[in-house]
Undergrad: 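The structure that follows is given in the form of structure tokens.
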2 protein chains.
Amino acid sequence: MSREKESPITISTQALERMPYYLQYLKQLQKEGVTAVASPAIAADLTLNEVQVRKDLAAVSTSKGKPKAGFVIEDLIYNMEDILGYHNVKDAVLAGAGFLGRALLSYKDFDNSGMHIVAAFDTDNAVVGSEICGKKVLSADKLSSMCRRLNIHIGIITVPKDQAQTVCDQMVAGGILAIWNFAPIHLSAPDNILVRNENMTASLAILSKHLQEKIKHT
Amino acid sequence: MSREKESPITISTQALERMPYYLQYLKQLQKEGVTAVASPAIAADLTLNEVQVRKDLAAVSTSKGKPKAGFVIEDLIYNMEDILGYHNVKDAVLAGAGFLGRALLSYKDFDNSGMHIVAAFDTDNAVVGSEICGKKVLSADKLSSMCRRLNIHIGIITVPKDQAQTVCDQMVAGGILAIWNFAPIHLSAPDNILVRNENMTASLAILSKHLQEKIKHT
DNA sequence: ATAATATCGATATCCAGATACTGATATAAA
DNA sequence: TTTATATCAGTATCTGGATATCGATATTAT
């Protein structure tokens with residue numbers, strides 16, 4: 001019984017994953033001039049459960065929701081962005097300037113999420129030295145030292161799968177604390193490093209299975 | 001109480017999502033000349049729970065695992081690919097030939113997953129008519145009829161978020177049954193359509209939060 | 001042949017998260 | 001001012017999935 005709650009309010013991983021959805025939705029509403037919104041409405045629009053929405057909002061909102069009126073959108077947005085750490089800029093590096101890497105380098109939404117990709121790294125001399133979407137592509141062997149020197153803590157891996165572990169190790173060596181891995185392979189990293197796998201093969205599996213059953217039953 | 005179990009063995013969504021991981025790992029082992037493997041070894045290598053691995057394997061394997069020896073890799077691979085429907089080709093269309101769209105068009109791994117992107121669609125006349133990675137880029141207004149005509153059931157959405165719902169509707173009209181959505185927005189579609197969101201903003205949220213706490217605690 | 005051991009399948013327990021329910025309360029209408 | 005109602009917050013229940021446990025069994029070593 002030695003385990004203790006560290007923080008008074010905990011927010012579940014799933015709820016956290018839903019936040020950007022809410023955020024996008026709330027910003028849209030705001031743009032349309034709406035100033036307040038209630039859980040049932042959100043639930044209906046995003047096809048979620050009403051109670052779930054209410055709990056999610058309660059978990060992040062500083063102000064309370066009012067019966068009949070709901071929540072103030074502006075406050076909600078602020079609270080969510082705050083929880084998600086969108087208000088302070090986090091520098092990141094990207095390894096692998098292929099198509100996927102470029103896609104991420106050009107992704108505008110990162111800016112409003114507080115993530116800023118500082119530079120890209122690649123082993124291919126043909127791209128090293130060039131610029132993609134205003135970001136320099138540097139030689140891969142500089143990755144580690146660069147991270148260290150600029151105190152960067154997020155690494156994005158978009159290299160082919162046989163290079164992914166090497167890059168991962170370099171990132172860890174460079175002091176990276178969170179890795180966003182797009183390579184379809186399991187990375188081993190120390191426990192204190194967060195590895196988030198953007199698992200396209202997993203998604204494909206779900207689609208594939210679903211379709212298979214759908215068609216079989218017809 | 002009119003609901004009945006259709007298939008005797010059900011496989012959970014999470015387990016399904018893990019399958020490509022196992023698959024990748026098993027193929028790697030196979031390439032190294034290994035012919036059999038046991039759950040504890042897999043668990044150790046992929047940092048999963050031993051029991052979980054065993055249950056996952058049991059869920060898909062036709063042959064049983066033997067104590068001390070484990071499972072035959074070749075059989076496992078076959079069974080998994082079969083469950084995931086990798087053995088029959090599923091045609092797909094892609095809407096939005098931007099960076100992300102190109103990344104997916106060039107993604108080789110889809111081929112061994114039974115997914116075949118037939119063509120891409122875009123509204124931009126500058127790219128319409130061109131070819132990307134051997135795939136034709138066609139005018140967006142042909143999307144619906146094309147799907148219908150070629151009997152295509154998978155749609156991939158990589159357009160900007162303000163066009164995503166329109167594209168989604170076109171796909172549904174064209175008889176698409178499963179949608180892989182990369183736009184950071186909630187799509188509304190009929191219940192019988194599977195919408196899988198590749199939720200990069202959600203991943204970013206997790207990373208962001210983690211990092212925030214990590215740095216705060218230091 | 002027998003004993004030791006790794007791994008298996010099956011059953012039981014535990015936990016996180018989703019959903020349902022209940023009483024309280026702020027707004028709006030009568 | 002009173003009544004009706006939508007929505008809230010909080011508590012309770014349910015469910016799926018992850019983990020732990022245990023007896024059974026195939027292989028290996030003695």
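So you know, we letter chains A, B, ... as the sequences are listed, proteins then strands, and number each from 1. Everything numeric here is computed off the predicted structure, so don't read it as measured data.
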Undergrad: Tell me the closest heavy-atom pair linking A:Ile117 and A:Lys135, and the distance in Å.
TA: O-CE, 3.0 Å
Undergrad: In this structure, how many angstroms lie between the P atom of C:dG17 and the CD atom of A:Gln14, rounded?
TA: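 A:Gln14 atom CD is separated from C:dG17 atom P by 5 Å.
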Undergrad: Looking at NE2 of B:His186 and OG1 of A:Thr47, how far apart are the two atoms once the value is rounded to the nearest 0.5 Å?
TA: 3.0 Å
Undergrad: Please give, in whole Å, the distance from D:dA9 P to A:Lys55 NZ?
TA: 12 Å
Undergrad: Would you give a per-nucleotide map of nucleotides 2-8 of chain D, 5' to 3', where B means the base has a protein non-hydrogen atom under 4.0 Å away, S means only the sugar-phosphate does, and - means neither?
TA: ---BBBB
Undergrad: Can you tell me the distance, in whole Å, between the CG atom of B:Leu48 and the C1' atom of D:dA18?
TA: 11 Å
Undergrad: Of the non-hydrogen atoms in B:Leu204 and A:Ser113, which two are nearest, and what is the gap between them?
TA: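 For B:Leu204 and A:Ser113, the tightest heavy-atom pair comes out as CD2-CB, 3.6 Å.
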Undergrad: May I ask you to verify if any side-chain N or O of A:Asn49 is less than 4.0 angstrom from the OP1 or OP2 atom of C:dA20?
TA: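 Affirmative; the distance criterion is met.
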Undergrad: Name each donor-acceptor pair under 3.5 Å that joins a side chain in residues 162-183 of chain B to protein atoms two or more places apart or in another chain, with its distance.
TA:
from: B:Gln165; atom 1: OE1; to: B:Ser188; atom 2: N; distance (Å): 3.0
from: B:Gln165; atom 1: NE2; to: B:Asp169; atom 2: OD1; distance (Å): 2.9
from: B:Gln165; atom 1: NE2; to: B:Ser188; atom 2: O; distance (Å): 3.0
from: B:Trp180; atom 1: NE1; to: B:Glu198; atom 2: OE1; distance (Å): 2.8
from: B:Asn181; atom 1: OD1; to: B:Ala183; atom 2: N; distance (Å): 2.9
from: B:Asn181; atom 1: ND2; to: B:Ala183; atom 2: O; distance (Å): 3.1
from: B:Asn181; atom 1: ND2; to: B:Ile185; atom 2: O; distance (Å): 3.3
from: B:Asn181; atom 1: ND2; to: B:Asn197; atom 2: OD1; distance (Å): 2.9

Undergrad: To the nearest angstrom, how far is A:Ile11 atom CD1 from C:dG17 atom P?
TA: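 From A:Ile11 CD1 to C:dG17 P: 10 Å.
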Undergrad: Check the distance between C:dA18's P and A:Leu46's CG and give it to me in whole angstrom.
TA: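 A:Leu46 atom CG is separated from C:dA18 atom P by 15 Å.
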Undergrad: Determine the minimum heavy-atom distance between B:Asn112 and B:Tyr86, stating which atoms define it.
TA: O-CD2, 3.4 Å
Undergrad: Using whole Å, what does the distance between atom P of nucleotide D:dC14 and atom CD of A:Gln52 come to?
TA: 19 Å
Undergrad: Restricting to non-hydrogen atoms, name the atom on B:Ala140 and the atom on B:Thr123 that form the minimum distance, rounded to 0.1 Å.
TA: CB-CG2, 3.6 Å
